[in-house]
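The block underneath contains the structure these notes are about, expressed in structure tokens.
The figures here come from the full heavy-atom set of this structure, side chains too, leaving out hydrogens, waters and symmetry mates. The structure presented is a predicted model; accordingly, all values stated were derived computationally and were not measured.
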Amino acid sequence: MGTAKEYTIDELMVCTLAKAFTSEDIILNGTVSFIPVSAVLLARATHAPGLTWVAGAVGVDAQPGAVIGNTLDPTMWKNCVMYLPQYEDMWSYVHRGTLETFCIRGAQIDQYGNINNSIIGSDYHKPKVRLPGSAGMGDMGSLDKRIFIWSTTHNPRTFVKKVDFRACVGWLDGGDSRAKLGLRNGPQLVITDLCVMDFEPDSKRMRLVSVHRGVTAKQVQEQTAFELVMPASVPETPAPDREYLRLLRDVVDPKAMRKIEFRGSATKV
Amino acid sequence: MGTAKEYTIDELMVCTLAKAFTSEDIILNGTVSFIPVSAVLLARATHAPGLTWVAGAVGVDAQPGAVIGNTLDPTMWKNCVMYLPQYEDMWSYVHRGTLETFCIRGAQIDQYGNINNSIIGSDYHKPKVRLPGSAGMGDMGSLDKRIFIWSTTHNPRTFVKKVDFRACVGWLDGGDSRAKLGLRNGPQLVITDLCVMDFEPDSKRMRLVSVHRGVTAKQVQEQTAFELVMPASVPETPAPDREYLRLLRDVVDPKAMRKIEFRGSATKV
Amino acid sequence: MTAKKEDKLVSLQQAAALVRDGDTIAMQGMGTQMSPLALVRELIRAGKRDLQVAMVVGGIGLDWMIAAGCVRKVMAIIINLDEFGMANNFRRAAEAQQLEIEEYTEHTILTRLGAGAMGLPFGVTRSGLGSDILGLHPDTTKVIQCPFTGKPVVACRALEPDVAILHAHRADRYGNIQFFPKPIWTDVDVFPRAAKKVIVSVEEIVENEEIRRTPERTGIPYFKVDALVHLPYGAHPCSLFPRYNFDRAVFQRYADESRTPEGTKAFLDEFVHGLKTHDEYLAKLGGPAALKNLEKWD
Amino acid sequence: MTAKKEDKLVSLQQAAALVRDGDTIAMQGMGTQMSPLALVRELIRAGKRDLQVAMVVGGIGLDWMIAAGCVRKVMAIIINLDEFGMANNFRRAAEAQQLEIEEYTEHTILTRLGAGAMGLPFGVTRSGLGSDILGLHPDTTKVIQCPFTGKPVVACRALEPDVAILHAHRADRYGNIQFFPKPIWTDVDVFPRAAKKVIVSVEEIVENEEIRRTPERTGIPYFKVDALVHLPYGAHPCSLFPRYNFDRAVFQRYADESRTPEGTKAFLDEFVHGLKTHDEYLAKLGGPAALKNLEKWD
């Protein structure tokens with residue numbers, strides 16, 4: 001195929017996340033999740049045709065063709081094989097672990113992948129900033145999900161040492177603290193507008209994997225309020241395959257709905 | 001209307017039970033319940049047009065016309081306004097108390113209206129007789145139902161001092177023992193092939209209300225293994241109204257499915 | 001209210017009168033979808049106060065109610081305008097500490113309502129274990145141990161709202177409520193079963209015979225419905241799948257104007273207080289042709 | 001087994017091979033309705049042993065399996081032949097103490113399965129409070145107190161059967177299982193969600209495109225189905241509403257003949273062991289015309 005020379009950060013983020021998905025995955029998406037939904041559609045159109053996607057947690061194996069509405073919208077359920085009833089069916093498949101993969105963003109993300117989208121401030125009831133709320137992340141963090149984190153605001157306000165409010169349980173306080181609580185799986189990968197990170201297997205501290213073109217490891221560390229686990233050498237994030245990029249631009253998200261995610265981002269797309 | 005001169009015990013039982021129902025009742029029926037279902041259809045066709053019946057616990061406000069199948073059968077859901085999903089909807093309306101009236105029969109019924117249809121014998125695991133099992137009675141007894149009991153075998157083996165196994169919670173050990181457990185409502189009326197009984201308000205002991213034509217209070221006591229609360233005078237059970245009888249015979253249960261209930265009864269119908 | 005088989009069809013004003021100041025109301029809504037917004041506009045016009053609103057996803061209707069001073073407390077998992085961004089009046093009220101907020105995970109608030117629906121004092125989930133969310137409301141969520149295995153679970157105290165308000169596809173006059181497709185979202189499923197009173201607005205009133213021809217479509221039986229209102233496009237500007245889509249223009253306009261209290265007031269004056277009836281509201285949107293235009297899904 | 005989007009269609013023998021001796025199987029059935037009886041006949045022919053069968057209402061299929069020596073334990077609320085009377089082989093085996101019986105109230109066994117479906121260690125109900133039923137199985141039901149109100153409830157330990165077996169209306173080859181109307185009975189609803197493996201027989205196999213045209217009819221998604229068998233009239237002699245009624249003649253004959261062990265053996269020899277395939281079974285019933293006759297509902 002060959003890799004692309006010209007691409008934007010939103011495109012790189014979608015293609016990188018898509019590559020992380022496989023045909024074995026069963027993925028449901030939440031609200032305002034244009035990057036994950038684009039990545040799901042792209043993965044399914046390329047290397048992961050068997051991937052199961054539950055559109056907006058409702059439309060099982062939906063085939064909307066493209067990102068044509070917001071990510072919970074019924075437009076995205078098109079050509080599905082089932083409308084999954086939420087109260088019993090969806091929650092039992094989520095609780096039981098059948099639906100195992102979920103993608104989350106948040107206003108604060110800490111070094112162990114705990115996430116906060118509820119409040120900024122030291123007192124929950126007297127917030128400096130009131131955010132929309134935890135939504136599905138409060139569930140998914142405790143329900144054994146393989147969590148993929150994305151962020152379009154890689155800066156020290158988002159990547160904090162300790163979240164002001166732990167809405168989504170990541171690796172908790174690191175080490176075996178998550179497992180001790182009886183929770184399986186946990187955060188896997190973090191894809192931002194600057195880089196890709198994962199978690200060091202033992203300490204569960206966030207670790208730099210690759211930096212996007214034109215970004216240095218030092219810059220990433222400067223934009224991160226905690227100390228990243230830093231490998232000896234940090235490669236550049238592989239550029240998207242040309243075919244992936246074509247599909248993303250022309251087929252999966254021709255209206256570039258994914259750019260909505262960059263509201264408030266320093267990265268212009 | 002006037003009352004009928006010629007009627008059989010099955011007809012009398014159905015008409016008497018029908019009279020106990022009102023337009024305020026929301027009634028669901030269980031398995032092999034031909035007498036209650038006939039009574040429901042008869043009440044709805046006469047004095048209680050507003051009565052809500054959930055046929056076989058599924059068919060809301062069904063209008064099968066007549067008793068045309070067994071009492072859980074889909075034939076009986078005909079012309080219903082909703083197929084009530086059992087797992088969540090039906091059980092929530094039952095648990096919450098919206099569906100408040102239920103009719104029960106059993107192999108043993110004791111003086112406080114506790115019922116057993118599981119085993120006969122002193123050891124559950126070494127039964128003298130293994131019966132089909134408790135079915136819905138184990139639920140309804142504990143879930144605040146107004147319980148109407150019917151029996152076509154009024155004899156000392158059925159009407160026992162203490163059930164061998166308390167599957168359906170009636171008035172427990174009498175007095176306020178049921179209320180102390182936090183359970184509302186309880187057994188209301190007992191209609192047998194010999195008589196009608198209710199429960200003395202304070203002691204909750206079974207009390208004779210009326211005897212069917214040709215039966216004496218003494219005979220009822222002889223066929224009952226515990227001492228009945230016996231009023232000073234015991235009237236005859238009112239004969240069915242002629243119109244009720246006509247509707248039962250010609251419209252509600254023309255195939256006389258209700259007579260299936262008399263298998264094993266000493267009363268021939 | 002009774003659960004009788006009788007005519008439940010009332011006016012919008014009569015329905016709103018069933019909601020009393022201080023009530024806990026369970027309100028349908030999922031981002032840009034299925035919310036009883038014509039009912040909400042009437043609750044605002046009627047000047048309801050001190051409402052405690054339980055939702056899964058709070059959206060545009062809740063933000064209006066907060067702006068209009070109807071709400072004392074919200075119980076929800078998220079409150080925003082979906083792709084249109086923040087719910088600014090919620091945000092301002094919260095930051096000014098003028099609003100009580102009980103934030104839940106989705107499955108803890110659902111377990112609270114599910115226990116209410118089942119007449120149980122509590123239910124259990126594993127959702128939220130280890131999070132700070134549980135610590136927000138020790139009176140309603142508490143970690144306990146499984147009596148068989150010792151494993152930790154979250155006990156969620158039953159919630160029985162005073163009223164549930166919903167918008168659906170159609171019903172007969174007795175209040176047999178039908179959906180196409182049948183209930184998908186949690187609120188349509190558990191809210192009416194959990195609530196003491198149920199108010200539903202519908203797109204269409206049909207004959208009882210039509211309901212009996214299609215019983216597989218009925219989601220709420222008449223005996224659980226207290227009042228029914230006929231309000232075509234009653235979810236507008238939200239969508240009612242598959243009948244009509246959400247109104248992108250109105251959402252965007254509210255997202256823009258609600259950035260200030262003044263902009264919010266102007267919006268509410270124009271779209272809520274300035275229109276006394278639902279017919280006036282529909283006329284304002286441009287009449288049948290404009291509404292027809294909302295039926296596009298691509 | 002995997003949950004993949006692949007062809008799940010197998011032969012009756014292959015499906016039965018997924019059930020292992022000693023398995024706990026959750027088996028659909030409601031009196032004279034909806035039971036996977038062609039699958040049951042194959043389990044008997046395959047000589048399965050030591051099965052632990054969880055049902056809500058046990059009926060004719062369970063009585064066959066008990067008579068054939070397949071069953072070590074039953075978990076159910078009632079076992080009979082509905083209007084046709086006692087399940088005689090169940091009765092004889094119980095009275096001879098050859099069968100382990102875990103009797104539940106309906107809502108306690110459902111709460112056990114519901115907890116299994118939700119991946120929770122237990123669930124709660126009020127059903128059975130004060131009854132002797134709870135005392136039968138202190139390892140799986142236990143009265144505990146609400147941590148908020150102190151009120152007693154019954155904790156029910158999660159049950160995750162090894163296999164669920166069901167019969168449904170139609171499916172595509174991937175195992176998207178459709179019902180008309182959608183799941184009504186509890187077993188169709190919770191059994192497949194609670195079980196580790198799911199085997200479904202269906203009346204009809206349709207194209208994937210037909211499923212996508214009617215997603216509102218799908219009750220079990222392909223990712224929860226392990227094996228699919230095409231067995232028209234696969235519930236016979238039970239009914240599959242609204243497609244065909246139950247077979248009164250076969251029910252009555254079994255009720256009569258099962259009064260003795262010898263009569264039972266003769267029945268099973270004729271209807272189960274003597275017919276090696278489902279096609280032979282259908283031929284024995286008299287072919288298409290006779291089967292068509294079952295489609296009457298009055």
Relative to chain D, which of [options] shows the most heavy atom pairs under 4.5 Å?
| options | result |
| --- | --- |
| Ala66(B), Pro64(B), Pro74(B), Ala167(B) | Pro74(B) |
| Gly121(B), Pro132(B), Pro127(B), Ser118(B) | Pro132(B) |
| Leu172(B), Val129(B), Leu183(B), Leu131(B) | Val129(B) |
| Tyr83(B), Tyr87(B), Trp77(B) | Tyr87(B) |
| Glu88(B), Gln86(B), Lys128(B), Met257(B) | Gln86(B) |

Which of the residues [options] is involved in the greatest number of heavy-atom pairs with chain B at under 4.5 angstrom?
| options | answer |
| --- | --- |
| Val57(D), Ile77(D), Thr32(D) | Ile77(D) |
| Arg92(D), Met30(D), Arg126(D), Lys151(D) | Arg126(D) |
| Ala76(D), Ala93(D), Gly130(D) | Gly130(D) |
| Leu110(D), Asp187(D), Asn80(D) | Leu110(D) |
| Ile101(D), Val56(D), Val154(D) | Ile101(D) |
| Val188(D), Thr108(D), Thr125(D) | Thr125(D) |

May I ask you to decide if [Y]'s main-chain N or O and [X]'s side chain share a donor-acceptor pair within less than 3.5 Å?
| X | Y | answer |
| --- | --- | --- |
| Ser239(D) | Asn245(D) | no |
| His169(D) | Phe241(D) | yes |
| Glu203(D) | Tyr233(D) | yes |
| Glu257(D) | Ala255(D) | no |
| Thr105(D) | Asp139(B) | no |
| Gln111(B) | Phe226(B) | no |
| Tyr244(D) | Ala235(D) | yes |

Ring centroid separation Phe246(D) to His236(D) under 6.0 Å: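 Aromatic pair excluded; centres sit 6.0 Å or further apart.
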
Flag yes if more than 12 heavy atoms outside Arg249(B) fall under 6.0 Å of its CZ atom; otherwise flag no.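 Enclosed: over 12 neighbouring heavy atoms sit under 6.0 Å from CZ of Arg249(B).
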
More than 12 heavy atoms of other residues, nucleotides or ligands under 6.0 Å from NZ of Lys73(D): is that the case?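 More than 12 within 6.0 Å, yes.
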
Side-chain donor-acceptor pairs under 3.5 Å in residues 260-267 of chain B, sequence neighbours left out?
{"unit_1": "Glu261(B)", "atom_1": "OE1", "unit_2": "Arg105(B)", "atom_2": "NH1", "d": "2.4"}
{"unit_1": "Glu261(B)", "atom_1": "OE1", "unit_2": "Trp150(B)", "atom_2": "NE1", "d": "3.0"}
{"unit_1": "Glu261(B)", "atom_1": "OE2", "unit_2": "Phe34(B)", "atom_2": "N", "d": "2.6"}
{"unit_1": "Glu261(B)", "atom_1": "OE2", "unit_2": "Ile35(B)", "atom_2": "N", "d": "3.1"}
{"unit_1": "Arg263(B)", "atom_1": "NH1", "unit_2": "Glu83(D)", "atom_2": "O", "d": "2.9"}
{"unit_1": "Arg263(B)", "atom_1": "NH2", "unit_2": "Glu83(D)", "atom_2": "O", "d": "2.9"}
{"unit_1": "Ser265(B)", "atom_1": "OG", "unit_2": "Thr152(B)", "atom_2": "O", "d": "2.5"}
{"unit_1": "Ser265(B)", "atom_1": "OG", "unit_2": "Asp193(B)", "atom_2": "OD2", "d": "3.4"}
{"unit_1": "Ser265(B)", "atom_1": "OG", "unit_2": "Thr267(B)", "atom_2": "N", "d": "2.9"}
{"unit_1": "Ser265(B)", "atom_1": "OG", "unit_2": "Thr267(B)", "atom_2": "O", "d": "3.4"}
{"unit_1": "Thr267(B)", "atom_1": "OG1", "unit_2": "Asp193(B)", "atom_2": "OD2", "d": "2.7"}

With a 4.5 angstrom heavy-atom cut-off, which part of [X] approaches chain B: side chain, backbone, both or neither?
| X | result |
| --- | --- |
| Ala87(D) | neither |
| Asp189(D) | side chain |
| Glu103(D) | both |

Report which part of [X] has an atom under 4.5 Å of a heavy atom belonging to chain D: side chain, backbone, both, or neither.
| X | value |
| --- | --- |
| Asp144(B) | side chain |
| Ser177(B) | neither |
| Phe165(B) | both |

